[in-house]
Every structure is written in structure tokens, then in C-alpha cells.
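Please read these numbers as outputs of a predicted model, since none were measured by experiment. Chain letters run A, B, ... following the sequence lines, proteins first and then strands; every chain starts at 1.
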Amino acid sequence: MAEEKSSRNFIQEIIDEHNRSGRFGRKVHTRFPPEPNGYLHIGHAKSICLNHGLAVEYGGQFNLRFDDTNPEKEEQEYVNSIIEDVRWLGAKWQGLRDDDPQAGVIWSSNYFQQMYDWAVELIRKGKAYVCDLSGEEVSRTRGTLTRPGTASPYRDRSVEENLDLFERMRKGEFPDGSKTLRAKIDMNSPNFNLRDPIMYRIMHETHHNTGDKWCIYPMYDWAHGFEDSIEGITHSICTLEFENHRPLYDWFINTVNEGRTDDGSGPWGRKIHHPQQIEFARLNLTYTVMSKRLLLQLVKEGHVQGWDDPRMPTISGFRRRGYTPEAIQNFCRDIGVAKFNSVIEMVRLENAIRDHLNQIAQRRMVVMDPLKVVITNYPADQVEEMEAVNNPEDASAGTRRVPFSREIYIERDDFMENPPKKYFRLAPGAEVRLRYAYFVKCTDVVKDPATGEIKEIHATFDPATRGGNNPPDGRKVKGTIHWVSAAHARPIDVRLYDHLFNKENPMEIPVGGSFLNNMNPNSLTLVNALAEPALADAKMGERFQFERQGYFCVDRDSTAQRLVCNRTVTLKDTWSKIEAQTPLIIKGG
RNA sequence: UGGGGUAUGGUGUAACGGUAGCACGACUGACUCUGGAUCAGUUAGUCUAGGUUCGAAUCCUAGUACCCCAGCCA
């Protein structure tokens with residue numbers, strides 16, 4: 001097989017090296033470890049696709065594990081949405097089953113006992129102590145960027161006392177915040193994470209999974225490495241901000257491994273698995289924000305209609321907008337992965353969904369802003385069923401019938417009384433093709449005498465062009481426009497979505513302002529449109545291309561009486577570019 | 001001002017001392033019953049300054065810019 005040498009990203013190179021050296025026995029086991037404190041966004045999709053993709057590529061395994069170590073912030077609603085989103089994206093974790101959404105899902109909280117035991121082991125090894133300092137005192141004694149911290153007065157408690165106190169912390173003898181368990185590392189370290197970090201805090205809080213069993217909860221830094229270790233994760237892939245935590249992550253595992261041996265003959269038994277943490281740059285996209293905090297604010301303050309508002313960069317938002325998992329996967333693959341803090345242009349994502357929908361979406365004709373056209377030489381009582389191709393990119397999608405009659409609607413934009421050069425659509429005396437129907441020529445413009453507003457257009461059709469075909473005389477037209485038969489048109493609701501923010505970087509904020517100042521007031525436009533009858537039986541979630549306009553998805557707000565369609569993305573529009581340039585030329589001249 | 005990272009066309013991403021390539025965008029043109037799609041072409045880049053070398057994006061030295069770290073968040 002002639003195999004093309006595909007370029008490798010830095011993570012693949014690291015894994016390849018591990019496989020060469022045999023560090024993990026040529027195994028690859030990755031995971032996606034979300035905290036259930038918000039909805040997943042497109043940045044998480046990058047991580048999911050990366051982790052899952054590596055597992056697939058190397059024939060390894062992939063876990064979905066909830067990092068549920070902080071009961072104060074975590075909720076079941078988020079758990080459910082995250083599971084749904086990861087499934088929808090197509091990532092398959094160990095133990096995934098169709099009949100039970102939670103099958104195979106792992107919880108950090110299941111390891112609480114094991115983590116507790118290791119904490120006791122660290123105390124016994126003299127590497128951890130119970131500290132009575134308040135939060136404020138801890139932060140004051142931690143030092144600054146340039147000054148080392150100072151040791152806690154409780155740093156040198158005896159092993160026995162620490163053991164006793166820690167046990168009583170667990171039993172619930174002390175109030176929240178009164179004590180912590182801290183690792184005894186180095187108050188002089190230039191890395192703050194090593195200045196005696198807190199391992200456990202007291203939190204009398206009911207946990208969504210373990211209930212009231214625990215009133216001490218492990219900190220992320222203490223817990224995370226062990227979660228990976230227990231599961232045999234080989235490559236703990238995370239974002240850049242955890243780079244400074246890697247020495248701590250390694251310290252915890254190495255410290256547990258002190259006095260342990262590979263064969264289990266050491267005083268503390270067998271060594272535990274030590275994963276390799278690898279950090280990559282999180283995804284940033286233009287015209288949106290990606291922080292959970294800000295997304296939560298948009299939802300809570302009602303700037304959008306929920307986490308799955310189609311303008312949100314959440315996975316559920318994109319799903320409702322009409323995005324496909326394939327498009328998101330392709331996007332995540334195409335943007336690559338590196339350590340450089342980059343900002344991806346939104347058009348990359350839009351391009352990915354156009355690409356996929358162009359292949360799979362059936363076409364329909366929908367008029368957003370109707371202008372009546374009367375075809376004066378067409379019989380008043382006649383209706384013809386025109387055959388229309390459902391998808392020119394996919395012959396197997398077949399054809400459908402579209403009714404044609406004397407009175408039709410076209411897009412108001414598709415007529416101009418005084419057209420500029422290069423305008424190919426309808427104008428007085430001009431001829432265009434009605435897609436799949438006939439050539440028509442504009443003969444009259446009927447206006448409201450009072451306002452001058454164009455009320456309707458009169459036109460004549462050429463019977464020799466039936467089906468939209470070129471006539472035998474060889475005549476051609478440059479423009480083809482969409483239409484719906486007036487008598488057969490079905491009203492539908494359409495939601496036109498645009499960027500949520502009108503600045504590439506919404507966090508570029510004027511002094512005293514907020515990112516909310518950068519919200520696009522026109523991110524949603526509601527339209528009453530007229531659709532061809534074939535759209536009437538569209539099902540929820542079904543995706544279509546409305547010819548010449550864009551891709552649309554049937555929203556769950558649809559009723560039997562009225563369809564609601566969300567615009568996923570527009571079609572590329574070169575005319576708008578020409579149009580935008582034209583006035584400049586006039587001005588310049 | 002301590003520590004940890006990162007710098008390649010407009011935007012991303014390759015190159016592992018040997019012709020700076022690819023994708024997206026932008027711009028031309030061809031084709032077209034969607035001003036869509038498709039096809040062809042053009043455009044444009046190694047953070048700076050020195051050094052090593054026959055040869056440097058890559059190695060060395062010194063700078064510059066940006067990101068992360070002082071939660072009992074993750």
C-alpha cells in the first residue's frame with residue numbers, strides 16, 4: 001500500500017516515542033474528564049475528539065470520567081447534558097451501551113476511599129500534615145511571585161497527631177474551613193503549586209453521587225493524577241494552564257511510590273501506575289466566548305435562551321443550530337493541535353458544516369421576503385407539477401414535485417427596478433430562470449401609487465423552457481432564482497442566526513464596559529417565510545438547504561401546524577461581495 | 001520583578017541541519033438550472049539582533065512580545 005506520510009502533531013510524536021521505548025507497553029489509554037458544572041462547548045469537543053481520536057488511532061481505550069470532587073458546584077443536569085453531548089459527538093467510551101446512557105461512565109467520587117488511603121499513607125511517610133490555618137492565613141503565608149512562602153506553624157505536627165486529626169476531619173468533628181490536609185513539599189518553591197498545596201478541605205455538603213458519606217473532599221491536584229493512575233490512563237491530556245501543576249501531579253504519584261516496588265515487595269507494596277501528562281492549547285474561536293463562567297452568565301441573565309440556544313458555542317447549541325457531529329469532528333481534526341495559544345476563525349467551523357451539509361442535505365425552495373409575480377400568459381386555473389432534484393450532490397436522494405401556477409412569490413431581493421451591472425436576476429425587461437420551472441421575462445412593475453412600493457411584478461413565461469431547460473433557440477440566462485407557488489405556499493417560521501458578538505474578540509472591552517457591550521443585537525432575526533409544500537412533512541432535527549440561502553434545521557419548537565427552522569449557516573455569497581464593492585467604485589470615481 | 005510555556009503568510013498547521021509545504025481565507029479565471037458546489041491559477045510567512053555551519057525555521061548567545069501561576073475552583 002502506498003501510504004502517504006501524514007504529518008504528526010506533537011502529541012502523536014510523544015506517543016510514538018513512548019511506543020518505541022515501550023514505556024507503557026505500547027498501550028494508549030486516554031480519557032475525557034469533565035467537571036459537571038456546566039454544559040460542554042466546542043472547546044471541549046476539541047478535547048474529546050483529540051482524546052478519543054488518539055485512542056482509536058492507536059487501538060487503545062477511552063474513558064468518560066466525571067471529575068466530581070466539588071459538590072458545591074456540580075449538578076445532575078450537567079451530568080446528563082455532558083453524557084448526551086459526548087455520545088452525540090460519537091466518542092465511544094469503555095462500557096458504552098445504547099440502552100443505558102450512563103453505562104460505563106466513571107466517577108472520580110468512586111475513588112474517594114482509595115484517595116483517602118493514599119492520603120493516610122502520605123501522612124505516615126511524613127509528607128502531609130493537618131493545618132489549622134484559615135483560608136485567609138493560608139493565602140497570606142503562601143508568599144508572592146518573588147517572595148517565598150512561610151511555613152505553617154502546624155507543619156511539624158507528629159505523624160500520630162496528623163493521623164488522629166485527619167481521621168476526625170473525616171468523621172465530621174470539625175466545621176467547614178477549620179482544617180485542611182496539606183502536602184509537605186517546599187514553601188520556597190518558585191512554583192506555587194508546590195508550596196504545601198492543600199489536598200483535602202472540609203465541606204459538609206451532600207454529594208450528587210456519594211451523598212453524605214464524605215465531609216472532606218479532595219482537591220483537583222490531589223485527585224486528578226490518581227484518577228488517571230487508577231484507570232491506567234497512559235496519556236493525561238489537558239490544557240496549558242495545568243502545565244504548572246504537572247510537577248505536583250508527578251510529586252504525588254512519586255511520593256506514593258516511595259517504598260513501593262514493581263513486584264510489590266516494598267514496605268508499601270506495589271508501585272502505582274504513573275501516567276504522562278501532556279498539555280495542549282485550548283480552542284479559541286472568533287466572535288464568541290468559551291469560558292464556562294461567561295456562558296453561564298449569558299444563560300443566567302437571559303441574554304440567550306438557555307444553554308442550547310443556537311447562538312451558543314455549546315455542543316447542544318450547535319446541535320440545535322443544525323450542526324452535525326461529523327462536521328465538528330472534521331473541524332477539530334483540521335485545526336490541529338499545538339501548544340500555541342491560537343484563535344481559530346469562525347469561518348473554519350462554518351466551512352466544515354457547509355461542507356458536510358452540502359453532501360447530505362436535501363434542497364427545498366423557501367421565500368423569506370415574498371414579492372408576488374403574476375405570469376400573465378400562464379392559464380389562470382392551471383397547475384403543473386415540476387420535477388426538482390433533491391440533492392445535486394447525491395443522486396440517490398431522488399426528486400420531488402413542486403407545484404407551479406400563474407401566481408408565484410419570489411424573493412424581493414431577486415428583483416431590482418434599476419439593477420447595477422453584474423446583477424443577473426429579475427429587472428424590467430430582463431429574463432431569468434425560475435428554478436426547475438420556466439424562463440420568465442419581466443414586463444411590468446406594479447407599484448403602490450401612494451408610497452411607490454413595488455406591489456407585484458408582471459411577467460411572461462416561455463413554454464419552450466419547461467422544467468427550466470434552455471430553449472431550442474439557444475437562448476441563455478445568467479440568473480436562476482427560487483420561487484414558491486402562491487396558492488400552494490406554506491407559511492413557516494424561520495430564525496436567522498448570526499454571530500453572538502460583533503467583535504472578533506468579544507473580550508476586547510472598552511474601559512468600564514463588559515463583554516456584553518460586544519453582543520450583536522442582530523444575532524437573531526425572526527422571519528415569516530413561505531415554503532414549497534414538500535417541506536411540510538419535515539421532521540424535527542431534519543436538515544435542508546433552502547436553495548440559494550443556506551442550510552436550515554427543523555427546530556423542536558415546531559408544531560403540527562407550523563414549522564420552525566433554524567438557519568445553521570448561510571451559503572457562501574459572492575454577490576454580497578460584489579455588491580459591497582460596487583458603491584466604493586462609484587464613490588472613488 | 002520569581003517560575004512555567006509559546007512565537008512560521010490574514011488565520012491555523014507542517015518541517016526534526018539540506019528546495020519553507022498543506023489547509024482555510026482573499027483575489028483571478030473556467031464551469032454551472034443554486035452568484036452554491038466543483039476545477040484551475042495567483043497572493044502571502046520563519047519575532048529581532050548577532051553567532052556556528054558549505055548550508056539554519058531548526059543549533060548557540062542576547063533581546064522582544066504574548067499566555068499561565070499567589071482558590072479550601074477545576
Side-chain angles (χ1 to χ4, degrees), chain A residues 6-9 13 33-35 37 67 69-70 72-74 131 133-136 138-149 176-182 189-195 197-203 216-217 219-221 223-224 238-247 279 281 286 292 334-345 347-348 350-352 354-355 358-359 363 365 388-389 392-393 422-425 432-437 439 465 467-470 476-482 545-550 570-579:
Chain A
S6 60
S7 72
R8 318 287 290 157
N9 64 50
E13 283 184 352
E35 185 192 14
N37 69 344
D67 211 326
T69 55
N70 186 350
E72 264 179 12
K73 297 188 170 183
E74 296 155 9
C131 178
L133 255 25
S134 70
E136 196 258 325
V138 168
S139 112
R140 204 174 53 233
T141 53
R142 189 152 12 228
T144 69
L145 291 181
T146 48
R147 250 180 270 285
D176 287 6
S178 60
K179 286 182 167 41
T180 57
L181 184 70
R182 292 230 255 165
S189 172
N191 183 346
F192 279 91
N193 298 121
L194 300 178
R195 319 243 261 228
I198 289 167
M199 297 160 61
Y200 278 91
R201 74 281 216 189
I202 300 173
M203 217 185 253
I216 57 171
Y217 289 95
M219 298 288 291
Y220 168 88
D221 281 323
H224 199 78
C238 63
T239 42
L240 252 26
E241 70 270 27
F242 293 104
E243 214 154 16
N244 292 329
H245 296 240
R246 178 155 31 97
E279 309 85 12
T286 57
K292 276 190 195 175
D334 291 348
I335 58 174
V337 56
K339 299 192 74 160
F340 178 63
N341 243 312
S342 59
V343 182
I344 306 287
E345 293 171 328
V347 293
R348 293 292 294 266
E350 294 172 347
N351 189 63
R354 279 194 194 103
D355 223 49
N358 178 47
Q359 296 163 43
R363 270 93 236 235
M365 290 197 285
V389 172
E393 308 291 322
K422 291 203 220 165
Y423 184 84
F424 303 148
R425 289 112 90 176
V432 296
R433 169 188 289 112
L434 296 176
R435 188 138 162 94
Y436 299 123
F439 282 20
T465 57
N469 294 309
N470 289 330
K476 288 192 173 176
V477 289
K478 291 210 89 166
T480 297
I481 63 176
H482 61 278
Q545 183 196 101
F546 293 174
E547 294 236 7
R548 304 206 305 132
Q549 309 198 82
T570 62
L571 249 34
K572 277 196 191 160
D573 183 5
T574 52
W575 166 248
S576 68
K577 281 182 201 164
I578 298 169
E579 203 179 25

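- A donor and an acceptor atom never sit less than 3.5 Å apart when one is taken from the side chain of A:Asn193 and the other from the base of B:rC69.
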Legend entry - Criterion side chain to side chain contact (heavy atoms under 4.5 Å, CB included) on A:Ile202 and A:Ser178, from CA distance to verdict: CA-CA 7 Å; A:Ile202 300 173; A:Ser178 60; 3.8 Å; yes
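- With distances taken from any side-chain atom of A:Trp575 to the nucleotides B:rG35, B:rG12, B:rC72, the minimum falls on B:rG35.
- Ionic pairing of A:Lys73 and A:Glu35 is not present here: no N-O contact between side-chain nitrogen and carboxylate oxygen is shorter than 4.0 angstrom.
- At a cut-off of 3.5 angstrom, the base of B:rG4 holds no donor-acceptor pair with the side chain of A:Glu279.
- Per the stacking criterion (ring centres < 5.5 Å, plane angle < 30°), A:Phe340 does not stack onto the base of B:rA7.
- Taking the six-membered ring wherever Trp is involved, the centroid distance between the rings of A:Phe424 and A:Trp575 does not fall below 6.0 Å.
- Distance from the side chain of A:Arg142 is smallest to B:rA70 among B:rG35, B:rA70, B:rG36.
- A donor-acceptor contact under 3.5 angstrom links the side chains of A:Thr239 and A:Glu241, judged on distance only.
- Across all strands shown, A:Arg147 has no heavy atoms under 4.0 Å from either base or sugar-phosphate atoms.
- Residue contacts shown for A:Lys422 include a base, since a base heavy atom lies under 4.0 Å away.
- Heavy atoms of A:Tyr436 sit under 4.0 angstrom from at least one base atom.
- Annotated as anti: B:rG41, whose glycosidic dihedral deviates from 0 by more than 90°.
- Contact annotation: side chain of A:Arg425 to base of B:rG35, donor-acceptor pair present below 3.5 Å.
- For A:Asn9, whose side chain is taken as the heavy atoms from C-beta onward, the closest listed nucleotide among B:rU38, B:rA74, B:rA14 is B:rA14.
- Of the candidates B:rC24, B:rG36, B:rA74, B:rC24 carries the atom nearest the A:Val347 side chain, counting heavy atoms from C-beta on.
- The residue A:Leu181 sits apart from the nucleic acid: no heavy atom pair falls under 4.0 Å.
- Between the side chains of A:Arg433 and A:Asn470, at least one donor-acceptor pair of N or O atoms lies under 3.5 Å.
- The side chain of A:Leu145 has B:rG2 as its nearest neighbour among B:rG25, B:rG2, B:rG36.
- A distance-only check finds a donor-acceptor pair linking the side chain of A:Arg195 to the backbone of A:Arg142 [under 3.5 Å].
- Distances from the side chain of A:Asp67 to the nucleotides B:rA74, B:rG35, B:rU11 place B:rA74 closest.
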Using atom names, set out every protein N or O paired with an N or O of nucleotides 29-32 of chain B below 3.5 Å, distance rounded to 0.1 Å.
none

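- The minimum heavy-atom distance linking A:Pro247 with A:Asn191 is given by the pair CG-ND2, 3.8 Å.
- The one candidate from A:Gln549, A:Glu350, A:Arg354 that meets the side chain to side chain contact (heavy atoms under 4.5 Å, CB included) condition with A:Thr570 is A:Arg354.
- At a threshold of 4.0 angstrom between heavy atoms, the contacts of A:Thr144 include nucleobase atoms, whether or not backbone atoms are also involved.
- You'll find that the side chain of A:Asn244 is closest to B:rG3, out of B:rU11, B:rC72, B:rG3.
- Using the Watson-Crick or G-U wobble rule with both distances under 3.5 Å, B:rU64 pairs with B:rA7.
- Residue-level contact check: A:Thr286 touches neither bases nor backbone, having no heavy atom under 4.0 Å from any strand.
- A:Pro148 comes within contact range of no nucleotide atom at all, as no heavy-atom separation falls under 4.0 Å.
- Note on A:Glu35: only backbone sugar-phosphate atoms sit closer than 4.0 angstrom, heavy atoms only; bases stay farther off.
- If you check every strand for non-hydrogen atoms under 4.0 Å, A:Val477 touches nothing.
- Among the protein residues, A:Glu243 comes within range of the sugar-phosphate backbone only, with heavy atoms under 4.0 Å from sugar or phosphate atoms but none that close to a base.
- At a threshold of 4.0 angstrom between heavy atoms, the contacts of A:Thr180 include nucleobase atoms, whether or not backbone atoms are also involved.
- Scanning atom types as modelled, no donor and acceptor separated by under 3.5 angstrom connect the side chain of A:Gln549 and the base of B:rU34.
- Checking A:Arg548 against A:His482 by side-chain atom types alone, a donor-acceptor pair falls below 3.5 Å.
- Using a 4.0 Å heavy-atom distance criterion, A:His245 is classed as a base contact.
- Among the atoms of the strands shown, base atoms are found under 4.0 Å from some heavy atom of A:Ile198.
- Residue A:Val343 is in sugar-phosphate contact alone, with no base atom involved, counting any heavy-atom pair closer than 4.0 Å across all strands shown.
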